[in-house]
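In what follows, a single structure is set out as C-alpha coordinates and then discussed.
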Amino acid sequence: MSPARHWLMKSEPDAFSIDALKHRKQEPWDGVRNYQARNYMREMRKGDLVFFYHSNCAEPGIVGVAEVAVEAYPDPSQFDPKSKYFDPASSRDAPRWSLVEVRFKRKLKRTITLEELKADPALAEMPLVRKGSRLSVMPVAATEWKHILTLE
DNA sequence: GCCAACGTTGGC
DNA sequence: GCCAACGTTGGC
(Lines give C-alpha, C1' and ligand atoms only; values in the text may rest on other atoms or scores of the structure.)
Protein backbone atom coordinates (compact mmCIF):
# COMPACT_ATOMS: atom_id res chain seq x y z
CA MET A 1 0.00 0.00 0.00
CA SER A 2 1.38 3.37 -1.01
CA PRO A 3 1.64 6.14 1.57
CA ALA A 4 -1.07 8.77 1.72
CA ARG A 5 -0.61 11.53 -0.75
CA HIS A 6 -1.78 15.09 -0.87
CA TRP A 7 -3.65 16.80 -3.66
CA LEU A 8 -5.13 20.06 -4.85
CA MET A 9 -8.42 20.32 -6.71
CA LYS A 10 -9.79 23.44 -8.40
CA SER A 11 -13.40 24.46 -8.44
CA GLU A 12 -15.13 27.59 -9.61
CA PRO A 13 -16.98 28.91 -6.55
CA ASP A 14 -19.89 30.01 -8.73
CA ALA A 15 -20.32 26.36 -9.72
CA PHE A 16 -19.27 24.59 -6.51
CA SER A 17 -17.71 26.41 -3.58
CA ILE A 18 -16.14 25.28 -0.32
CA ASP A 19 -19.33 26.41 1.42
CA ALA A 20 -21.35 24.18 -0.90
CA LEU A 21 -19.12 21.24 0.03
CA LYS A 22 -19.45 22.09 3.72
CA HIS A 23 -23.21 22.06 3.33
CA ARG A 24 -23.37 18.84 1.33
CA LYS A 25 -20.58 17.17 3.36
CA GLN A 26 -19.58 14.80 0.57
CA GLU A 27 -19.70 15.20 -3.20
CA PRO A 28 -18.79 13.32 -6.40
CA TRP A 29 -16.18 15.40 -8.23
CA ASP A 30 -17.73 15.05 -11.67
CA GLY A 31 -16.94 16.80 -14.92
CA VAL A 32 -13.18 16.37 -15.06
CA ARG A 33 -12.43 15.99 -18.78
CA ASN A 34 -8.68 16.18 -18.88
CA TYR A 35 -6.58 13.04 -19.01
CA GLN A 36 -3.83 14.15 -16.66
CA ALA A 37 -6.32 15.28 -14.04
CA ARG A 38 -8.25 12.05 -14.47
CA ASN A 39 -5.12 9.98 -14.01
CA TYR A 40 -4.32 11.76 -10.79
CA MET A 41 -7.81 11.06 -9.49
CA ARG A 42 -7.30 7.39 -10.25
CA GLU A 43 -4.20 7.46 -8.04
CA MET A 44 -6.08 8.89 -5.08
CA ARG A 45 -6.68 6.69 -2.08
CA LYS A 46 -9.34 6.92 0.57
CA GLY A 47 -8.20 9.27 3.31
CA ASP A 48 -5.81 11.30 1.12
CA LEU A 49 -6.07 15.00 1.95
CA VAL A 50 -7.04 17.60 -0.64
CA PHE A 51 -6.66 21.36 -0.79
CA PHE A 52 -9.85 22.92 -2.13
CA TYR A 53 -8.96 25.76 -4.48
CA HIS A 54 -11.26 28.47 -5.82
CA SER A 55 -10.52 29.35 -9.44
CA ASN A 56 -11.88 31.87 -11.92
CA CYS A 57 -13.10 34.25 -9.24
CA ALA A 58 -12.23 37.55 -7.59
CA GLU A 59 -9.75 36.03 -5.14
CA PRO A 60 -8.34 32.74 -6.46
CA GLY A 61 -6.66 30.64 -3.80
CA ILE A 62 -6.81 27.74 -1.36
CA VAL A 63 -9.88 27.94 0.85
CA GLY A 64 -10.25 24.60 2.58
CA VAL A 65 -9.29 21.00 3.19
CA ALA A 66 -11.19 17.93 2.08
CA GLU A 67 -10.39 14.24 2.01
CA VAL A 68 -10.90 11.48 -0.48
CA ALA A 69 -13.98 9.60 0.70
CA VAL A 70 -14.53 7.23 -2.25
CA GLU A 71 -11.83 6.15 -4.70
CA ALA A 72 -12.18 6.51 -8.46
CA TYR A 73 -15.15 5.07 -10.34
CA PRO A 74 -16.72 5.96 -13.71
CA ASP A 75 -18.22 9.45 -13.82
CA PRO A 76 -21.94 8.88 -14.61
CA SER A 77 -22.29 12.26 -16.31
CA GLN A 78 -20.28 11.03 -19.29
CA PHE A 79 -23.18 8.69 -20.19
CA ASP A 80 -25.95 11.26 -19.74
CA PRO A 81 -26.94 13.01 -22.99
CA LYS A 82 -28.60 15.75 -20.97
CA SER A 83 -25.45 16.52 -19.00
CA LYS A 84 -23.07 19.23 -20.10
CA TYR A 85 -20.35 16.68 -19.36
CA PHE A 86 -21.81 14.09 -21.76
CA ASP A 87 -19.14 12.39 -23.86
CA PRO A 88 -20.54 10.55 -26.89
CA ALA A 89 -17.14 8.95 -27.45
CA SER A 90 -17.28 7.15 -24.10
CA SER A 91 -19.10 3.88 -23.47
CA ARG A 92 -20.21 1.95 -20.40
CA ASP A 93 -18.00 -0.94 -21.51
CA ALA A 94 -14.96 1.31 -21.63
CA PRO A 95 -15.63 4.44 -19.58
CA ARG A 96 -13.26 7.24 -20.42
CA TRP A 97 -13.76 9.48 -17.37
CA SER A 98 -13.52 8.86 -13.66
CA LEU A 99 -14.39 10.75 -10.51
CA VAL A 100 -13.66 10.51 -6.82
CA GLU A 101 -15.91 11.56 -3.98
CA VAL A 102 -14.52 14.16 -1.60
CA ARG A 103 -15.63 14.89 1.95
CA PHE A 104 -15.48 18.25 3.67
CA LYS A 105 -12.89 18.54 6.41
CA ARG A 106 -12.58 22.24 7.21
CA LYS A 107 -12.38 25.74 5.85
CA LEU A 108 -9.10 27.56 6.23
CA LYS A 109 -9.15 30.53 8.56
CA ARG A 110 -8.53 32.67 5.52
CA THR A 111 -7.93 32.31 1.80
CA ILE A 112 -4.32 31.58 0.95
CA THR A 113 -4.25 33.48 -2.29
CA LEU A 114 -2.70 32.48 -5.56
CA GLU A 115 -0.73 35.71 -5.34
CA GLU A 116 0.94 34.53 -2.11
CA LEU A 117 1.55 31.05 -3.44
CA LYS A 118 3.20 32.46 -6.56
CA ALA A 119 5.45 34.71 -4.52
CA ASP A 120 6.69 31.86 -2.30
CA PRO A 121 9.99 30.31 -3.44
CA ALA A 122 9.16 27.09 -1.54
CA LEU A 123 6.23 26.51 -3.87
CA ALA A 124 7.83 27.31 -7.20
CA GLU A 125 7.58 23.69 -8.36
CA MET A 126 3.81 23.49 -7.98
CA PRO A 127 2.00 23.22 -11.33
CA LEU A 128 -0.52 25.62 -9.84
CA VAL A 129 1.84 28.59 -9.95
CA ARG A 130 3.36 27.88 -13.33
CA LYS A 131 2.43 30.17 -16.15
CA GLY A 132 -0.25 28.78 -18.39
CA SER A 133 -0.92 25.73 -16.25
CA ARG A 134 -4.58 24.80 -16.34
CA LEU A 135 -4.36 21.48 -14.58
CA SER A 136 -7.36 21.22 -12.25
CA VAL A 137 -6.24 18.20 -10.20
CA MET A 138 -2.63 17.91 -9.08
CA PRO A 139 -0.45 16.26 -6.45
CA VAL A 140 1.01 18.36 -3.66
CA ALA A 141 4.32 17.27 -2.13
CA ALA A 142 4.28 16.60 1.61
CA THR A 143 6.74 19.44 2.18
CA GLU A 144 4.57 21.83 0.13
CA TRP A 145 1.47 20.74 2.01
CA LYS A 146 3.06 21.48 5.38
CA HIS A 147 4.51 24.74 4.19
CA ILE A 148 1.17 25.97 2.86
CA LEU A 149 -0.51 25.19 6.17
CA THR A 150 2.03 27.35 7.99
CA LEU A 151 0.81 30.28 5.88
CA GLU A 152 -2.69 29.97 7.28
C1' DG B 1 -14.74 40.98 -20.86
C1' DC B 2 -10.16 40.06 -22.70
C1' DC B 3 -6.90 37.06 -24.13
C1' DA B 4 -2.72 33.91 -23.50
C1' DA B 5 -1.85 29.29 -22.93
C1' DC B 6 -3.16 24.90 -23.45
C1' DG B 7 -5.48 20.37 -25.02
C1' DT B 8 -8.09 18.14 -28.55
C1' DT B 9 -9.79 17.30 -33.12
C1' DG B 10 -9.59 16.28 -37.76
C1' DG B 11 -7.98 17.21 -42.60
C1' DC B 12 -4.27 16.07 -45.25
C1' DG C 1 2.39 12.25 -38.11
C1' DC C 2 1.91 17.19 -38.77
C1' DC C 3 -0.34 21.21 -37.69
C1' DA C 4 -4.19 24.62 -38.18
C1' DA C 5 -8.46 25.44 -36.19
C1' DC C 6 -11.16 25.33 -32.46
C1' DG C 7 -12.88 25.22 -27.66
C1' DT C 8 -11.71 25.77 -22.86
C1' DT C 9 -9.38 27.39 -18.70
C1' DG C 10 -8.57 30.78 -15.65
C1' DG C 11 -5.81 34.98 -14.32
C1' DC C 12 -6.27 39.61 -14.74
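The sequence lines fix the lettering, A, B, ..., with proteins before strands; numbering per chain opens at 1.
A side chain to side chain contact (heavy atoms under 4.5 Å, CB included) with A:Phe51 is found for one member of A:Val63, A:Leu149, A:Leu128 and no other, namely A:Leu149.
Legend: ring-ring contact (aromatic ring centres under 6.0 Å, His included) pairs involving residues 58-83 of chain A, not counting sequence neighbours: none detected.
At a threshold of 4.0 Å, the pair A:Arg33-A:Asp87 does not count as salt-bridged, since none of the basic side-chain nitrogens sits closer than that to a carboxylate oxygen. Ion pairing of A:Arg45 with A:Glu71 is present here, as a side-chain N (NZ or NE/NH1/NH2) and a carboxylate O approach within less than 4.0 Å.
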Scoring nucleotides 1-9 of chain C by protein non-hydrogen atoms under 4.0 Å (B base, S sugar-phosphate only, - none) yields ------BBB

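Between the NE2 atom of A:His54 and the C1' atom of C:dC12 there is a distance of 19 Å, given to the nearest Å. Whole-Å rounding puts the A:Arg130 CZ to C:dG10 P distance at 15 Å.
Residues satisfying the salt bridge (charged side-chain N to carboxylate O under 4.0 Å, His left out) criterion with A:Glu101, sequence neighbours excluded, are absent altogether.
For the pair A:Lys131 and A:Tyr35, nearest-nucleotide mapping onto DNA chain B gives the more 5' position to A:Lys131.
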